[in-house]
Amino acid sequence: MNKNMFASDNYSGVCPEAWQAMAEANSGDVNSYGDDPWTARACDQLREFFETDCQVFFVFNGTAANSLALAALCRSYHSIICHEMAHVETDECGAVEFFSNGTKILLVPGADGKIDPDAVTRTVERRTDIHYPKPKVLSITQATELGTVYSTEELQLVGDLARRHQLKLHMDGARFANAFATLNLPAKEITWQAGVDVLTFGGTKNGMAVGEAVVFFDRQLAEEFDYRCKQAGQLASKMRFLSAPWASMLQQGTLLQNAAHANRCAKLLAEQLQSLDVIQLVHPVQANAVFVQMPEALIDALHAAGWYFYTFIGSGHARFMCSWQSREEEILGFGEELRRIAADLYVD
Ligand SMILES: *Cc1c(COP(=O)(O)O)cnc(C)c1O
């Protein structure tokens with residue numbers, strides 16, 4: 001049995017549609033560095049998807065997408081406000097601070113991985129003097145690091161909050177597709193119409209081999225962003241292999257299908273886990289992650305049986321991820337083994 005399948009959505013392989021798109025792009029000699037028909041098509045598809053004339057760049061991974069996008073919004077004496085469990089804070093090795101030449105990240109708390117608006121206001125207002133790094137950007141993650149999703153109402157509120165405090169709004173959308181599948185609304189309503197200035201849109205966790213899109217809804221903010229990408233080593237010379245899957249997966253609807261499938265699998269997995277009284281959900285399952293509280297002995301027994309999952313992410317609970325590649329029968333199989341292991345453990 002595949003016992004690695006819950007560790008992360010980036011443990012999955014490349015989905016057939018992305019693979020096919022790369023194979024189709026693999027013909028002949030074409031212009032390099034993004035000046036090719038596939039990249040042009042992918043940018044157009046994204047403009048169609050968001051129903052606006054956004055400016056699009058493709059980079060290799062999410063850390064680069066986030067840190068370069070945030071660097072484009074800030075000067076070195078500015079600050080970025082984000083949730084204390086945000087990927088940009090906890091999992092990017094200081095890349096944001098590095099690429100922005102020292103912009104400070106200010107952390108706010110909030111339930112279920114979502115920023116607490118009052119804490120943002122306090123952070124902005126507590127100091128206005130020259131000795132404090134000037135707040136410039138509000139960064140949120142959608143879907144969040146804890147597998148929850150900001151509703152449209154919450155997004156509107158965050159957008160208003162950012163405007164009120166004159167903050168640019170960045171959305172870390174490494175799992176934007178999962179949030180999009182959950183909310184089931186036009187993409188524009190949950191991005192630029194809610195005030196998002198820049199979205200870093202993840203492809204990798206949704207089934208691509210590599211490649212995230214940086215989408216600037218405010219085109220002015222994209223000024224010289226191409227130079228930033230190049231200097232950071234993020235301008236792919238054979239760009240067509242990053243962009244072709246985007247064009248194809250948007251056009252065919254694969255992006256949404258993959259995300260909806262992963263989300264459905266997470267719901268099924270949550271049911272399986274909750275079939276044991278000793279396991280409790282710690283966050284609502286709104287995307288493709290399931291966070292549970294379970295006894296240490298059970299975690300150890302699952303690990304000993306070869307099941308791999310993380311216990312250090314976010315709030316420090318056991319995290320189980322689903323992906324486009326998850327299979328429902330395998331999840332049910334896990335449930336059976338889980339109950340068997342628990343029965344052995346808790347027998348008198
Ligand atoms: C995975 C992830 C990223 C991107 O990580 P890379 O490993 O750099 O591609 C960014 N933000 C969030 C919330 C993520 O989960």
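In each ligand, atom 1 is the first atom listed, and ligand 1 is the first ligand listed. Source: prediction; values computed, not measured.
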Among non-hydrogen protein atoms, atom 4 (C) of ligand 1 lies closest to G62 CA, 3.4 Å
Between ligand 1 and E92, is the shortest N or O to N or O distance under 3.5 Å? no
May I ask you to identify the nearest protein heavy atom to atom 2 (C) of ligand 1, giving residue, atom name and distance to one decimal place in Å? K205 NZ, 2.4 Å
Ligand-residue contact atoms, ligand 1 with T141, heavy atoms, under 4.0 Å: 13 (C)
So, H283 versus F291, ring centres under 6.0 angstrom or not? yes
Could you check atom 11 (N) of ligand 1 against the protein and tell me its nearest heavy-atom contact, residue, atom and distance included? D172 OD2, 2.7 Å
Enter the distance from L199:CG to H170:NE2 here, rounded to the nearest 0.5 Å. 7.5 Å
For the residue pair F180 and F49, is the inter-centroid distance of their aromatic rings smaller than 6.0 Å? yes
Taking the side chain as everything from C-beta on, heavy atoms only, tell me whether Q55 gets closer than 4.5 Å to F217. no
Output field: ring centroids Y310/Y308 closer than 6.0 Å: yes
Looking only at protein heavy atoms, which one is nearest to atom 7 (O) of ligand 1, and what is the separation? T63 OG1, 4.4 Å
To which protein heavy atom is atom 10 (C) of ligand 1 closest, and what is the distance rounded to 0.1 Å? H87 ND1, 3.3 Å
Using the ring centroid of each side chain, check whether F309 and F6 are separated by less than 6.0 Å. no
Contact region, R175 to ligand 1, non-hydrogen atoms below 4.0 Å, reads side chain
Sub-3.5 Å N/O-N/O distance, A174 and ligand 1: no
If you take the centroid of each ring, where Trp contributes its six-membered ring, are F241 and W38 closer together than 6.0 Å? no
Side chain, backbone, both or neither: which part of N66 comes within less than 4.0 Å of ligand 1 when only heavy atoms are counted? side chain
